[in-house]
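Beneath this line is the structure, given in structure tokens, with notes to follow.
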Amino acid sequence: MTTTATTAPTTGTRPATGTRPTTGTRRDAAPPELLERYQRVRRQSEKLVAPLSPEDAVVQAVTEASPAKWHIAHVTWFFETIVLREHVPDYRLFDARYPYLFNSYYNTLGERIARGQRGLITRPTLSEVDDYRQHVDRHMVDLLSGCDERTFAAIEPLTMIGLQHEQQHQELLLTDIKCTLSINPIKPVYQERRSSEGGEAGPMRFIDFEGGIKTIGHSDASEFAYDNESPQHEALLQDFALADRPVTAGEFLQFIEDGGYERAADWLDLGWATMNEQQWRAPKYWYQRDGKWWQYTLAGLREVDPDEPVTHVSYFEADAYARWIGKRLPTEFEWETASHSVTSIGEGNFADHEHYHPLAPPNGREGLRQMFGDVWEWTRSHYSPYPGYTADRGALGEYNGKFMCNQFVLRGGSCGTPHSHIRPTYRNFWSPETRNQFSGIRLAEDR
């Protein structure tokens with residue numbers, strides 16, 4: 001998340017003694033329900049890694065993309081650290097060296113290997129990491145199956161945070177696997193392409209929303225939410241309009257052909273400097289060959305489909321496109337307010353559908369399309385605390401709060417997000433130059 005972030009910073013850990021888990025809970029879950037969910041989420045991570053060779057799993061393509069082996073070890077370290085070590089009497093670590101190798105950024109939990117060196121961890125092997133996962137899973141299943149009511153009350157919120165954390169890393173697994181495989185000159189296939197279910201994008205329409213005082217943030221204590229989604233509060237909005245769908249690859253191509261990457265007037269100064277320094281000339285994973293644009297996907301190299309939402313663009317590119325077309329990006333409060341008009345989050349293209357790529361929008365649909373799934377949508381809102389927000393003083397306080405600087409908020413989830421992980425109030429956040437994620441653009445305008 002970064003995420004997250006939460007991927008982005010999208011990892012979590014145990015609270016220090018005496019702190020409370022402020023990242024949200026589902027306190028009404030019965031033990032069998034929680035156990036089944038634990039096993040389902042853990043299996044999904046293993047399914048995502050299954051197509052990889054041991055060589056695939058250890059590579060760190062860039063500093064911000066961690067190896068697959070590290071991801072599956074890190075989420076296992078989470079459960080060992082915050083649940084088993086604290087709530088199983090006489091529990092012994094699987095390996096006393098692993099906390100140093102697989103802690104991410106939690107200063108309160110001790111020293112750790114530098115992020116850019118995660119690809120140097122050739123030992124433990126992928127097989128040994130699998131043994132580690134099985135060891136932790138056995139102890140977690142025993143604990144969830146046989147604990148008393150008092151123990152369950154203590155471990156249930158921490159286990160829920162762990163499961164949400166692992167789902168964040170499932171999306172990071174997909175984006176980081178894509179980054180790693182894309183660097184290979186033969187552009188290998190992670191998974192064969194499934195048939196497309198999208199249609200033609202059609203003309204973009206803008207839907208009006210009335211301003212006023214709007215309620216923002218999460219409030220239902222019976223449903224999980226991260227601490228950065230609360231406290232619920234009021235925000236004053238002016239009348240605005242939101243595009244009925246994300247910007248397509250074909251529309252972004254017009255920006256490229258009009259010299260969008262060569263004209264400073266449309267760019268923020270820092271964006272212009274970053275774009276030139278990193279030599280961007282198109283979205284990440286786009287390649288021009290023989291006069292045609294191609295893009296690398298997890299199904300291999302394929303020609304750019306003009307009807308699909310453009311993805312793997314930074315905040316800087318999203319903002320420059322909006323300026324070029326005479327529009328703007330929405331605030332996160334406008335986005336959340338508009339999202340309440342969507343009747344079903346489940347209609348989106350999420351990781352559960354296993355396309356792992358945004359699809360063209362469905363035809364004949366009225367109202368907002370693709371608000372959830374397909375691509376994370378950049379907003380113009382800086383990632384800041386809501387009024388009244390206070391981060392924990394323990395390790396859980398490092399989950400979200402300490403990243404509230406130099407980040408922008410994205411909303412809606414993507415084709416790499418598990419469906420059960422997203423909600424209208426979910427706040428993803430990344431630094432403005434980030435392009436590894438399935439990030440796209442939805443336009444807004446004043447009314």
Side-chain angles (χ1 to χ4, degrees), residues 6 10-50 71-95 98-99 102-104 106 109 128-171 173 220-227 351-352 392 394-396 399 418-423:
T6 224
T10 53
T11 54
T13 186
R14 67 179 172 89
T17 302
T19 63
R20 55 187 173 82
T22 59
T23 53
T25 61
R26 257 186 62 93
R27 299 184 183 279
D28 58 343
E33 175 188 344
L34 187 61
L35 175 59
E36 191 279 331
R37 182 166 185 169
Y38 176 87
Q39 294 173 317
R40 183 174 67 251
V41 170
R42 298 286 282 173
R43 286 195 300 267
Q44 179 61 20
S45 298
E46 293 160 7
K47 180 179 178 179
L48 293 175
V49 175
H71 279 296
I72 61 173
H74 168 70
V75 294
T76 301
W77 163 88
F78 179 95
F79 286 109
E80 183 177 60
T81 301
I82 73 161
V83 182
L84 297 179
R85 194 173 69 180
E86 295 297 313
H87 296 281
V88 174
D90 301 322
Y91 177 81
R92 299 182 63 181
L93 295 176
F94 180 80
D95 191 308
Y98 284 12
F102 302 126
N103 180 6
S104 54
Y106 294 94
L109 294 179
E128 289 169 327
V129 168
D130 182 61
D131 291 340
Y132 178 39
R133 285 182 63 89
Q134 292 185 38
H135 168 87
V136 168
D137 283 347
R138 285 195 297 270
H139 283 274
M140 283 295 300
V141 169
D142 288 346
L143 179 61
L144 293 171
S145 300
C147 64
D148 57 30
E149 183 175 343
R150 181 177 180 180
T151 302
F152 179 76
I155 67 172
E156 187 269 344
L158 300 177
T159 303
M160 278 299 301
I161 293 170
L163 295 176
Q164 295 285 328
H165 164 254
E166 183 147 352
Q167 287 186 304
Q168 289 177 313
H169 276 271
Q170 288 169 1
E171 179 160 12
L173 270 168
D220 186 353
S222 69
E223 296 293 334
F224 182 90
Y226 287 114
D227 62 346
D352 311 61
D392 258 350
L396 278 177
Y399 198 102
H419 169 239
S420 63
H421 185 63
I422 204 64
R423 55 199 162 269

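- The two residues H87 and L143 make their nearest non-hydrogen contact at O-CD1, 4.3 Å.
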Quick one, H169 with S45, criterion side-chain contact (heavy atoms from CB on, under 4.5 Å). Give me CA distance, side-chain angles, the key distance, then yes/no. CA-CA 8 Å; H169 276 271; S45 298; over 6 Å; no

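- To the nearest 0.5 Å, atom CG of residue L34 and atom CG of residue L163 are 6.5 Å apart.
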Does the side-chain contact (heavy atoms from CB on, under 4.5 Å) test come out yes or no for V129 and T76, once each step is laid out? CA-CA 9 Å; V129 168; T76 301; over 6 Å; no

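- Between the R42 side chain and the D137 main chain, no donor and acceptor come within less than 3.5 Å of each other.
- Rounded to the nearest 0.5 angstrom, L144 CG and Q39 CD are separated by 8.5 Å.
- Between L84 and Y91, the shortest heavy-atom distance links the atoms O-CB, 3.7 Å.
- The existence of a salt bridge linking R423 and E223 is excluded, since no basic side-chain nitrogen approaches an acidic carboxylate oxygen closer than 4.0 Å.
- In this structure, H165 NE2 and L158 CG are separated by 13.0 Å, a value rounded to the nearest 0.5 Å.
- For the salt bridge (Lys or Arg N to Asp or Glu O under 4.0 Å) test, no residue two or more places apart in sequence or in another chain qualifies with D131.
- When all heavy atoms of P99 and L93 are compared, the pair lying nearest together is CG-CD1, 4.1 Å.
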Derivation and outcome, side-chain hydrogen bond (donor to acceptor under 3.5 Å, both in side chains), residues Y132 and E80: CA-CA 10 Å; Y132 178 39; E80 183 177 60; 2.9 Å; yes

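- When each of Q164, E171, E166 is paired with H421, the side chain to side chain donor-acceptor pair (under 3.5 Å) condition holds for Q164 and for no other.
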For side-chain contact (heavy atoms from CB on, under 4.5 Å), just list the numbers for N103 and T81, CA-CA rounded to whole Å, side-chain angles, deciding distance to a tenth of an Å, and then say yes or no. CA-CA 10 Å; N103 180 6; T81 301; over 6 Å; no

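- T159 has its side chain within reach of F79: a pair of non-hydrogen atoms, C-beta onward, lies under 4.5 Å apart.
- Atoms CZ and CG, on F102 and D95 in that order, are 8.5 Å from each other to the nearest 0.5 Å.
- Ring-plane geometry between H135 and F94 is classed as tilted, the angle between the planes lying from 30 to 60 degrees on a 0 to 90 degree scale.
- The two residues Q170 and V41 make their nearest non-hydrogen contact at NE2-O, 3.0 Å.
- The two residues S145 and L35 come nearest to each other via the heavy atoms OG-CD2, 3.4 Å.
- Of all heavy-atom pairs spanning F152 and C147, the tightest one is CB-SG, 3.6 Å.
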Walk me through whether R133 and V75 qualify under side-chain contact (heavy atoms from CB on, under 4.5 Å). CA-CA 9 Å; R133 285 182 63 89; V75 294; 3.6 Å; yes

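- Every salt bridge (Lys or Arg N to Asp or Glu O under 4.0 Å) that R40 has, sequence neighbours left out, goes to E36.
- Between the CG atom in L173 and the NZ atom in K47 there is a gap of 14.0 Å [rounded to 0.5 Å].
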